[in-house]
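Read the structure below first, then the notes.
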Amino acid sequence: MKKENKKISNGVNKDLPKAYNPQDYEDKIYGEWEKSGYFNPDICVRKGICEKNAKPFTIIFPPPNITDKLHLGHGSNLAIEDLLTRYHRMKGYRTLWLPGTDHAAIATQNVVERKILKEEGKTRHDLGRAKFLKKVWDFAKVTQVTILKQSRKMGASLDWSRQAFTLDEPRKKAVRKMFVEMYKEGIIYRGERIVNWCPRCHSTLADDEVNYKEQKAKLYTFKYSRDFPFAIATTRPETKLGDTAVAVNPKDKRYKKYIGKIFAIDFVGVPLKLKIIADRNVDMKFGTGAVGVTPAHSMVDWQMAEANRLPIVKVINEEGKIKNNFGKYSGKGVLAAREIIAEELKKQKLLEKEEEMDNNLSICYRCGTPIEPLPSKQWFVSVDKKLKRLGDKSLKEKAIEVAKTGKIKFIPERFTKKYLDWMENLHDWCISRQIWFGHEIPVWYKDKEIYVGEEIPKGKGWVQDEDTLDTWFSSGMWTFSTLGWPDDFKNRKKSGDLTNYHPTQVLETGYEILTLWVSRMIMMSEFALEEIPFEKVYLHGMVLDKQGKKMSKSKGNGIDPIDVINKYGTDAVRLSLLIGNTPGNDTRVFEEKIAGFRNFTNKLWNISRYIITNYELSITNLKIDYKNCTLADNWILEELDEVRFLVDKKINSYEFSAAGEILRDFTWDKFADWYLEIAKIEGDKSNILIYVLKNLLILWHPFMPFVTEAIWQEMGNSEFLMVEKWSKVGSSISVGVDVRDGGGVLRKDEMNLIKDIIISIRNARAENKVEPGKKVKAIIYAGRLKNLVESQVDLIKGLRTGISELEIKENGPKIKNEIYLTVAGVEIYLIGAIDREKEKERIKKEIANLKKMISLTEKKLENKEFTAKAPAEIVKKEEEKLKSWQEALEKLKK
RNA sequence: GGGCUUAUAGCUCAGUUGGUUAGAGCGUCACGUUGACAUCGUGAAGGUCAGAGGUUCGAACCCUCUUAAGCCCACCA
């Protein structure tokens, strides 16, 4: 690294600025990382960073939609996955994190359509397919570049050499192959079915792309004609033009006699032939208990029609208008037709009732237009057909099995149930979409002939299917289409990246697409590779604003990741996304929170700055002389060991927040506020300080990669921290020392006592309003702890206790009218500092507190059931507590 | 209608098999600033763990009900 005008000694920068400025480091460091090639696991192997036969750790990044730049939700994705990636890379895994973007067919097409309409006043039909698609691609390129730039800004250690797009050439090939293979296996079929049709988007919508809107609707109760024996009720009279039956409940006595009969009648000028059928699902209490059946324009009715072999009459066309041959209604919009028919019924005195009711209107999830259920020829994936390659199980059964047997685990657990519920109710998946932007369907037609294949058929006159594929069809293949499938899968055997990196280890994504995406990935991977796509599914919550509202553009409450990165630094943004939330739950993020973590970043910087500038760094030869370790030295090394163990454990159980909090507490409280202050008193500790610091940087690196790498390099390390080995718990390979093996004695409790004494003294001084500058004399009766306390005189005097003179005895007479404290049996007098009133108050408060505790514990222990039924160790603990409180109380009372 | 989540300090949240005097960060208040850091330090105040019952020697935690906020699914002719 270049160092200009800086004090450099042995590669160490001794001239660090007072505050960490992320801008000075982030882009530069990211550039260096990227140049090193270490984001690519193959290069790590080649350069000896990672062993060739090391266990793989793969995450495929959930590809963001190219509809827009990244928001904080993606930031959360990136932060979590980068944490996992960096952690495993440092742990020695062959670690791959693969980036990409999603073409998001409908969503993208819609954004561009809206844009064109706004800017040019044109629709996609005005432009035509080719010109429109060019516009979409132009748009896609721009957002894609932004997305990739943003990901780099987040510090993501993604392997850019493997970057993929759901609609690039390799993925197109994979999609064609998949379609053809599924077709050959007979699980892709073409059929007519009622689909959710959006008359505005001119496309079918999957069930989960339909939204509902509560609204008031009119319920019309009427007779079809005078010749028809009873009335029906409907909110959509216009569809009744296509009725071919009337359904009643088989138990309904009112209508029993009509079941099976056929009525030929005239309905507002249109002839209808209605069969009376029985169906259990008809609610006798709703309306008149009789339902007009319109097979062509209702899902439920379609099913009834199939069951009863009813004819199907289409009334509404793709524009949402009444079809031809319906007399004066033809060409009218559905709403207009409804009004006219209602009028007509009124005229004919057939309308019995018109009432308001609550209704759930189906609307398009993109544009909000009411959905028209229409019969249409579509391509489907059968989820129920048994497949030989899946051991005579269907896709659905297989996808259920892997979750039930725990082959795929969901974190948190509860999502297993959600997944299974959804999976068990799954119907065949409609994969064709009537939009232009997306994967073309590899099907060609010539007259009545049909050709399904990966290549364009030979000969003239073939016309390709105009539809495109559901976006989830290509993103469902994401774990393996990015890893070389189908080229690396000849004769049903994996090779290349597929062998090395599939199945992946974790899929980390938002819970909102558990059903949409995760389920499809599982089915498609099972179909193509006969293996699971990932071992674990970690689901994170949504990122909300301070009020707990979803961040959205229209509300203007969103935080742009780049804005806050520029303001507070990437590390602070990452921490605010990682710390303070738990798996599967939503999390609120706001600037004050990010600012808090910026402060922490700076704290770590200054801890390092202090050590780097004040101590001589000998990085290569770090030996800790255990024989000469002080109590505090032993303590901090023990604490570090424990922190290392805990952080490891927490990361492995996906409790990133807990891991971060443990680290923060150690860094700020134990290391900075206590140990560094102690080091100033106890003299040279460069080896221990550097040892702890290096370990801290290693532990923090997955959370905050930039500042840790920056410090690491300023310390004169030649290799990147990014590829430094994560220390094994208890043995610190990275810096060549080991606390336990070195003969360290566990002395945490002793140090905690000394800390308590110091805190109590500070506390008592503050409560007695002793001026901070005033030095006082202290007398300590330490009993059997005399030697321990005596050995720590320097600390007791030096750590902001304001004690100038300290006398330590085993015991002695009570000293009247002085500040008096007890800490675990150790009695402390502060001489000449008392404020009688304040001290009296303080003692009174303490006695009251002790009395309260004593009486509570006594009651507990007097309870025979407690002593009999509670475990012995709990009882013993209570007894010990009681004893120590009683002793303290005795001493205070004297 | 079915299911899920959340409710703990002023705010944001921890609290993993029931045993703590219920914690952290921010904020507030008091004091301080000694050369790593005011993006700082020391200390304090602040909680009927949403409510009501129950199980238990013992409940923030387990069970039942209630209330409130939010989400998902199904569906309403």
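None of the values given here were measured: they were computed from a predicted structure. Worth knowing before you read on, the calculation uses all heavy atoms, side chains too, and leaves out hydrogens, waters and symmetry mates. Here is the naming used below: chain letters follow the sequence lines, and residue numbers restart at 1 for every chain.
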Given [options], identify the nucleotide with an atom nearest to the side chain of [X].
X	options	answer
A:Phe590	B:U12, B:U42, B:U39	B:U12
A:Lys603	B:G43, B:A36, B:C72	B:A36
A:Ile759	B:U12, B:A77, B:G43	B:G43
A:Lys18	B:C71, B:C37, B:G41	B:C37
A:Arg588	B:G43, B:U12, B:C40	B:U12
A:Tyr511	B:G43, B:C11, B:C71	B:C71
A:Lys769	B:A77, B:C37, B:A30	B:A30
A:Lys417	B:C57, B:G3, B:G43	B:G3

For A:Asp243, the salt bridge (Lys or Arg N to Asp or Glu O under 4.0 Å) test, sequence neighbours excluded, returns A:Lys240
Who are the salt bridge (Lys or Arg N to Asp or Glu O under 4.0 Å) partners of A:Glu887, not counting sequence neighbours?
none
Side chain to side chain donor-acceptor pair (under 3.5 Å) involving [X] - partner list, sequence neighbours excluded:
X	answer
A:Thr509	none
A:His540	A:Glu508
A:Arg800	none
A:Asp794	none

Check the distance between [N]'s [atom2] and [X]'s [atom1] and give it to me in whole angstrom.
X	N	atom1	atom2	value
A:Tyr419	B:C73	OH	C1'	16 Å
A:Glu879	B:C57	CD	C1'	15 Å
A:Ile757	B:G43	CD1	C1'	18 Å
A:Asn585	B:C13	CG	C1'	11 Å

Extract from the structure each pairing of a protein N or O with an N or O of nucleotides 45-47 of chain B at less than 3.5 Å, listing the distance.
none

Among residues at least two apart in sequence or on other chains, which ones pass ring-ring contact (aromatic ring centres under 6.0 Å, His included) with A:Phe597?
none
Aromatic A:Phe228 / basic A:Lys223 pairing, under 6.0 angstrom, 45° off normal:
no
Spacing of the C1' atoms in B:A68 and B:A22 (rounded, Å)
24 Å
Please find the pair of heavy atoms, one from A:Pro237 and one from A:Arg338, that lie closest to each other, and give the distance.
CD-CG, 3.5 Å
Just list the side-chain donor-acceptor pairs under 3.5 Å for residues 668-675 of chain A, sequence neighbours left out, or say none.
from	atom 1	to	atom 2	distance (Å)
A:Lys670	NZ	A:Asp665	OD2	2.9
A:Tyr675	OH	A:Asp633	OD1	2.5

Do any of residues 575-583 of chain A sit with a heavy atom less than 4.0 Å from RNA chain B, and if so which?
A:Gly580, A:Thr582
Restricting to side chain to side chain contact (heavy atoms under 4.5 Å, CB included), what partner residues turn up for A:Thr235, sequence neighbours left out?
A:Ala217, A:Leu219, A:Met357, A:Asn359
Quick one: what's the B/S/- string for nucleotides 20-26 of chain B, heavy-atom cutoff under 4.0 Å, read 5' to 3'?
SB--SS-
Any N or O donor-acceptor pair linking the side chain of A:Lys240 to the base of B:A77 at under 3.5 Å?
no
